[in-house]
Amino acid sequence: MKNEKDNVRKEAVALGYNPAKQDSPKVLAKGRGIIAENIISRAKEHQIPVQEDPSLLQLLGELDINQSIPEELYQAVAEVFAFLYKADKEAKRNS
């Protein structure tokens with residue numbers, strides 16, 4: 001028997017940021033279903049933390065691949081990068 005979670009189609013958006021270029025973060029990949037599962041799987045393979053934020057996912061999902069994050073999303077994306085930085089620091093400390 002399937003539960004409600006089984007009926008939810010998985011979505012994912014991968015972001016990237018190059019501080020050396022001093023530009024805004026960009027959408028590196030995005031997808032639904034099997035593509036989303038592959039994005040999440042690859043992130044986990046490379047020890048990249050995954051954050052779940054359905055409302056931010058919906059906004060980022062409207063952007064094109066290689067598109068810079070619009071200024072109105074900077075605060076939300078900054079929170080994601082802060083989460084990733086903290087998770088990465090924690091993982092290194094526990095290694």
Side-chain angles (χ1 to χ4, degrees):
M1 182 169 198
K2 290 185 175 186
N3 64 31
E4 193 174 308
K5 236 180 175 180
D6 292 333
N7 295 327
V8 176
R9 188 170 185 187
K10 199 170 275 233
E11 292 184 60
V13 175
L15 301 177
Y17 174 66
N18 184 346
K21 288 187 176 183
Q22 295 185 346
D23 59 1
S24 61
K26 294 184 181 204
V27 174
L28 299 180
K30 68 178 193 170
R32 293 184 175 148
I34 189 102
I35 293 171
E37 290 173 16
N38 287 337
I39 291 169
I40 294 167
S41 176
R42 299 263 327 241
K44 290 179 179 179
E45 284 174 22
H46 295 281
Q47 289 82 44
I48 298 170
V50 175
Q51 182 181 22
E52 294 185 32
D53 185 333
S55 57
L56 182 57
L57 177 64
Q58 183 178 4
L59 293 169
L60 293 173
E62 294 176 13
L63 302 175
D64 294 325
I65 293 175
N66 290 323
Q67 184 176 351
S68 293
I69 303 304
E71 198 170 316
E72 57 269 15
L73 294 180
Y74 281 4
Q75 180 64 39
V77 171
E79 290 173 16
V80 170
F81 280 107
F83 162 81
L84 295 174
Y85 176 78
K86 183 178 177 183
D88 187 50
K89 196 172 181 181
E90 181 87 15
K92 287 179 181 174
R93 186 176 36 205
N94 292 333
S95 299

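The first residue in the sequence is number 1, and the count goes up from there.
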Legend entry - side-chain contact (heavy atoms from CB on, under 4.5 Å) evaluation trace for Glu90 with Arg93: CA-CA 5 Å; Glu90 181 87 15; Arg93 186 176 36 205; 2.5 Å; yes
Report whether [X] and [Y] are members of the same hydrophobic cluster (ILVMFWY, side-chain heavy atoms less than 4.5 Å apart, transitive linking).
X	Y	value
Ile34	Ile39	yes
Leu59	Phe83	yes
Leu56	Phe81	yes
Leu63	Tyr17	yes

For [X] and [Y], which heavy atoms make the closest approach, and how far apart are they?
X	Y	result
Ala12	Ala36	N-CB, 3.6 Å
Pro25	Val77	CG-CG1, 4.0 Å
Lys30	Ile35	O-CG2, 3.8 Å

Inset, instruction - Measure the spacing between CG of Leu57 and NZ of Lys10 and express it to the nearest 0.5 Å. - result: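 Those atoms lie 11.0 Å apart.
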Inset, instruction - Assess whether atom CD of Gln51 is packed by more than 12 heavy atoms of other residues, nucleotides or ligands within 6.0 Å. - result: yes
Legend entry - side-chain hydrogen bond (donor to acceptor under 3.5 Å, both in side chains) partners for Asp53, two or more places apart: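 Applying side-chain hydrogen bond (donor to acceptor under 3.5 Å, both in side chains) to Asp53 gives Ser55.
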Inset, instruction - Check whether any side-chain heavy atom of Leu15 sits under 4.5 Å from a side-chain heavy atom of Val27, and report yes or no. - result: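 With C-beta onward as the side chain, the pair touches.
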Show me the side-chain donor-acceptor pairs of residues 67-75 shorter than 3.5 Å, one per line, residues at least two apart or across chains.
{"unit_1": "Gln67", "atom_1": "OE1", "unit_2": "Asp64", "atom_2": "N", "d": "2.8"}
{"unit_1": "Ser68", "atom_1": "OG", "unit_2": "Ser24", "atom_2": "OG", "d": "3.4"}
{"unit_1": "Gln75", "atom_1": "NE2", "unit_2": "Glu79", "atom_2": "OE2", "d": "3.2"}

